[in-house]
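First the structure, in the form of structure tokens, and then the observations on it.
Whatever order the structure lists ligands and atoms in, that order sets their numbers, starting from 1.
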Amino acid sequence: MLNIARNLEQVYSNMRAACEKSERNFSDIKLVAVTKTQDADKISELVRLGVKDIGENRVQEMVEKHILIDTSVNWHMIGHLQTNKVKNIIDKTSLIHSVDSYKLIKEIDKQAKLHEKIMEILVEINIAGEESKYGIEPGMLNAFLEEVAGFENIMVKGLMCMAPNVENPEENRLYFRKMRQMFIDSGNFTANNINMKYLSMGMTNDYEIAIEEGANIIRVGTGIFGPRS
Ligand SMILES: *Cc1c(COP(=O)(O)O)cnc(C)c1O
């Protein structure tokens, strides 16, 4: 448990250094602690340490842990989401980071309506065009936003990406820069349900670079908990 506290302090300290380097405010950046494969006790420890944003990539894990944890936590769905599982998390998550298809949008809108809620989502971009990654092609973003614009129970809050798994995080700087430009450009898109506020990018290996390039949500797992077994 001590390790978690110490690691968290280290992450905050790295975040501060990246902010200083890029003249940004530490308070403008949200840390989502990625708790996939970690048990509820560890999540509770994080919550005691003041963490308010928890990220899970599997529906089943979010459902199981959600009931065990303090209700003041915001649950972020960060992993690929199957259409038939939207109903299981619609009332549990405050932000879905991984929206990448029209079919998924349609289902989220439908389930959100049933729960009388406006579901906030991010559009996932496959920024490096990797076979192994989900997300829409960068060139398709405008067409995608046009399709989304009609849905009443969806609020698009920004963009998300997973950069390539690289040895040297500097290699991802150009992708983060590209994301930031898309984020700015899409801010010009006018629709009632599009309000570009969040740019979710950067994980343990590269969150400092992501912050320098404009991320305002970072998603960190290993950096807090150590390697996943
Ligand atoms: C696992 C995961 C993370 C965190 O990865 P770490 O390298 O452990 O920090 C971030 N985002 C997504 C979508 C993930 O699945």
Subject >> Asn74 side chain reached by Ile54 side chain, heavy atoms, under 4.5 Å >> reply: no

Original post:
How close do His76 and His97 get, heavy atom to heavy atom, and via which atoms?
Top reply: ND1-NE2, 2.8 Å

**OP:** Answer with yes or no whether His97 contacts ligand 1, where contact means a heavy atom under 4.0 Å from a ligand atom.
**Re:** no

Subject >> atom 9 (O) of ligand 1 [closest protein heavy-atom partner, distance rounded to 0.1 Å] >> reply: Thr204 OG1, 2.4 Å

Original post:
Closest non-hydrogen protein atom to atom 5 (O) of ligand 1, residue and atom name please, with distance?
Top reply: Met203 CE, 3.6 Å

Subject >> Atom indices of ligand 1 within 4.0 angstrom of Thr222 heavy atoms, with elements >> reply: 6 (P), 7 (O), 8 (O), 9 (O)

Original post:
How about Met182 and Ile127: do any of their side-chain heavy atoms sit closer than 4.5 Å?
Top reply: yes

Original post:
What is the closest protein heavy atom to atom 11 (N) of ligand 1, and at what distance does it sit?
Top reply: Arg219 NE, 2.9 Å

**OP:** Give the residue and atom name of whichever protein heavy atom lies nearest to atom 1 (C) of ligand 1, and the separation in Å to one decimal.
**Re:** Lys36 NZ, 1.4 Å

Original post:
Under 4.0 angstrom from ligand 1, any heavy atom of Val220?
Top reply: yes

Original post:
With only distance considered, is Asn205 within less than 3.5 Å of ligand 1 through an N or O on each side?
Top reply: no

Original post:
Can you check whether Asn142 reaches Phe189 side chain to side chain, under 4.5 Å on heavy atoms?
Top reply: yes

**OP:** Would you please classify the geometry between the His80 ring and the Tyr134 ring as parallel, tilted or perpendicular, with 30° and 60° separating the classes?
**Re:** parallel

Subject >> Arg173 atom CZ: more than 12 heavy-atom contacts under 6.0 Å >> reply: yes

Original post:
What's the shortest distance from atom 13 (C) of ligand 1 to any protein heavy atom, and which residue and atom give it?
Top reply: Ile78 O, 3.4 Å

Original post:
So is Gly221 polar-close to ligand 1, meaning N/O to N/O under 3.5 Å?
Top reply: yes

Original post:
Closest approach of Lys65 and Thr37, non-hydrogen atoms and distance?
Top reply: NZ-N, 3.8 Å

